[in-house]
Novice: 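Dumping the structure here so I can ask a few things about it.
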There are 2 protein chains.
Amino acid sequence: MATPPLADVDPSPGAAQTGLHARLLEQLGTAICSGRLVAGSVLYIDELVDRYAVSRSVVREVLRVLASMGLVDTRRRVGTQIRPASSWNVFDPQLIRWRLASGDRIAQLRSLTELRTAVEPQAASLAAERATPDAASDLVGLAAKMWAAGKAGNQDEFLRLDIEFHRQVLISSGNEMFVKLQELVAEVLTGRHHYELMPHHPDEQALQHHADVAQAILRHDGGRAREAMVHIMEQALNEMKSIWEQAGEPRRD
Amino acid sequence: MATPPLADVDPSPGAAQTGLHARLLEQLGTAICSGRLVAGSVLYIDELVDRYAVSRSVVREVLRVLASMGLVDTRRRVGTQIRPASSWNVFDPQLIRWRLASGDRIAQLRSLTELRTAVEPQAASLAAERATPDAASDLVGLAAKMWAAGKAGNQDEFLRLDIEFHRQVLISSGNEMFVKLQELVAEVLTGRHHYELMPHHPDEQALQHHADVAQAILRHDGGRAREAMVHIMEQALNEMKSIWEQAGEPRRD
DNA sequence: CTAGGCCAATAAATCTGACGTATGCAAGAA
DNA sequence: TTCTTGCATACGTCAGATTTATTGGCCTAG
């Protein structure tokens, strides 16, 4: 009932979305994630065809994708039912973006950060075992550049290097799932979703910890690499906490 | 060229697959994951329509789903291109199942286990902070039952309780992503995918560690909960290692 | 000979109408 | 009350047509 009327000639919400499929997917995906479409409620193909003025092909293809994400469940003679959040594939990048853009933003940010906190120390430890000498040297170099950028107060450059550093560590861990996870985190940190992000203070300690991680990996010292990374994560976790502890106020959508 | 001819009247590979959509999705998904369809190679809708004797609707809907998983990329005037493994959404449950059934089985098992090793200690720590008294008591009860089943040598029951125990810990962590992760792990452990799995020896130490985790959570002692869970993970990791270190032999597909 | 813009071939994107099919629900029988 | 049967329904699948974006070649101007 509270669903938007149509999206025929809507140019695009934030970033340009080309193609009817992508646009309808975005519409329905965000509607479900935001809770505008309540779990248990039912959609009908013909109804969507009318409401959004697109063909059945488009609607059906979108519903198939949403079903593969666990957002909906379509059955004969019943229609397409919205599934509860517990059924969603919360690791789907697309779904994560929708949730970050919705009211679940804080919860999603928290889940992702906690996951990162768990994974990166383990990744650092594995990297110490598996990193090639070249990769380890690159890490040491990156840490040095971070130090320079931090001292110079160059925040943009620092953020870029920071992300690159963590990416290299996760790649060196040799675990493809860790790498994919980092891509998600990087997207959030880059502010590609521009929600009020932390200023990202590079302080003395953080710089030292990054250097420690690089050194430990170079020396194949998994224990120290993990330990240093834990400290980095604690700091990141605290920064995030300051965000979501003050965040309880409502937002536009 | 090496792709199978058709799947029109193929009943089902392992488990019953109902509907043309599900069957074609399975076919293409496993073909890509197994490497039979090489990254970079191109498929055409009409070609698939002919080869599998299904309508364009079915093919298009399947390709949309595969695209949302990052397995393929379909562009106008070009066709549908198989994407490299680095682009895949390796957290998609469906994709994980395909990979577990393919030649990537060992690598997938390793990635998932390493991820689990990283996550569960963190989850135990968070659970110690957040678990309700009821949930914590249940955990203690579960640990006790595990002890009993372990002593009695009841392996099936032990496995069931083991999975339930870890599920409860992850649920109590309050992190939805952790829970989803556990669902994947449980699926593998249950042997629902029946690949030769470890015998799963419940030894004295493992039993003690589970009890320790439960006790620590009950007392809100995050540090000890994490520590005990680390021990459990080390043991699980070693069991897994014994699998993939001896596994280098070729398989049917 | 190179760079930039025009044009046609192509394969996906979208639309449309029809028919098949499983299935939830209710009416009727035991 | 319970079970069976039949029907209405909304998705599943099919077939064909049309539109549209893109690619790569071709041509002209520099």
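Proteins come first, then strands; the chains are lettered A, B, ... in the order of their sequence lines, and each starts at number 1.
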Novice: Check this for me: does the side-chain of B:Arg56 come within 3.5 Å of the base of D:dA15 through a donor and an acceptor?
Specialist: no
Novice: Considering just the side-chain nitrogens and oxygens of A:Arg60, establish if one lies under 4.0 Å of OP1 or OP2 belonging to D:dG12.
Specialist: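 A:Arg60 to D:dG12 OP1/OP2: side-chain N or O found under 4.0 Å.
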Novice: Any donor-acceptor pair under 3.5 Å joining the side chain of A:Arg77 to the base of D:dA8?
Specialist: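 Answer is yes: a donor-acceptor pair is held.
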Novice: Walk me through it: do A:Glu114 and B:Asn175 pass the test side chain to side chain donor-acceptor pair (under 3.5 Å)?
Specialist: CA-CA 8 Å; A:Glu114 283 174 1; B:Asn175 186 314; 2.8 Å; yes
Novice: Can you measure A:Asp46 atom CG to D:dG12 atom C1' for me and round it to whole angstrom units?
Specialist: 13 Å
Novice: Between D:dC11 and A:Arg75, is there an OP1 or OP2 to side-chain N/O distance shorter than 4.0 Å?
Specialist: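 So the side-chain polar atoms of A:Arg75 never come under 4.0 Å of the phosphate oxygens OP1 or OP2 of D:dC11.
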Novice: Rounding to an integer number of Å, can you tell me how far A:Gln81 CD sits from D:dT9 C1'?
Specialist: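 Distance check: A:Gln81 CD to D:dT9 C1' gives 16 Å.
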Novice: Taking the side chain from A:Trp98 and the backbone from A:Gln27, do they hold a donor-acceptor pair closer than 3.5 Å?
Specialist: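 Here the side-chain-to-backbone pair does not exist.
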Novice: So B:Lys180 and A:Asn89, do their side chains get closer than 4.5 Å, heavy atoms only?
Specialist: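 SC-SC contact between A:Asn89 and B:Lys180 confirmed.
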Novice: How far does CZ of B:Arg97 sit from CD of B:Gln108, to the nearest 0.5 angstrom?
Specialist: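 These two atoms lie 11.5 Å from each other.
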Novice: When the distance from CD of A:Glu61 to C1' of D:dC11 is rounded to whole Å, what number comes out?
Specialist: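 Atom CD in A:Glu61 sits about 15 Å away from atom C1' in D:dC11.
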Novice: Let me know the distance between OH of A:Tyr44 and P of D:dC11, rounded to the nearest Å.
Specialist: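 Rounded to whole Å, this separation is 8 Å.
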Novice: With DNA chain D as reference, determine whether A:Gly79 or B:Val49 sits nearer its 5' end, using the nearest nucleotide of each.
Specialist: A:Gly79
Novice: Could you check how far CZ of A:Arg76 sits from P of C:dC25, rounded to whole Å?
Specialist: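 Rounding to the nearest Å, CZ of A:Arg76 and P of C:dC25 are 17 Å apart.
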Novice: Starting the side chain at C-beta, find the nucleotide from C:dT14, C:dA13, D:dT13 nearest to A:Val58.
Specialist: C:dT14
Novice: Passes side-chain contact (heavy atoms from CB on, under 4.5 Å), A:Asn154 versus A:Asp156? Steps please.
Specialist: CA-CA 6 Å; A:Asn154 189 341; A:Asp156 286 348; 4.3 Å; yes
Novice: Taking 4.0 Å as the cut-off, does a side-chain nitrogen or oxygen of A:Ser55 come that near to OP1 or OP2 on C:dC15?
Specialist: yes
Novice: Tell me which nucleotide among D:dC11, D:dA15, C:dA13 gets nearest to the side chain of B:Ser57.
Specialist: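 That would be D:dA15.
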Novice: Does the side chain of B:Ile171 come within less than 4.5 Å of B:Phe178's, by heavy atoms?
Specialist: no
Novice: Can you tell me the distance, in whole Å, between the CG atom of A:Asp50 and the P atom of C:dC15?
Specialist: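 Going from A:Asp50 (CG) to C:dC15 (P), I get 13 Å.
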Novice: Contact list please: residues 63-74 of chain A against DNA chain D, heavy atoms, distance less than 4.0 Å, in numerical order.
Specialist: A:Arg64, A:Thr74
Novice: Side chains of B:Leu112 and A:Met177: closer than 4.5 Å at any heavy-atom pair?
Specialist: yes
Novice: Can you work out whether A:Gly19 or B:Val78 has the more 5'-proximal nearest nucleotide on DNA chain C?
Specialist: B:Val78
Novice: Rounding to a whole Å, what distance do you find between B:Ile45:CD1 and C:dT14:C1'?
Specialist: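 From B:Ile45 CD1 to C:dT14 C1': 11 Å.
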Novice: Rounded off to whole Å, could you give me the CG-to-P distance for the B:Leu20 and C:dC19 pair?
Specialist: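 Checked: the CG to P distance equals 20 Å.
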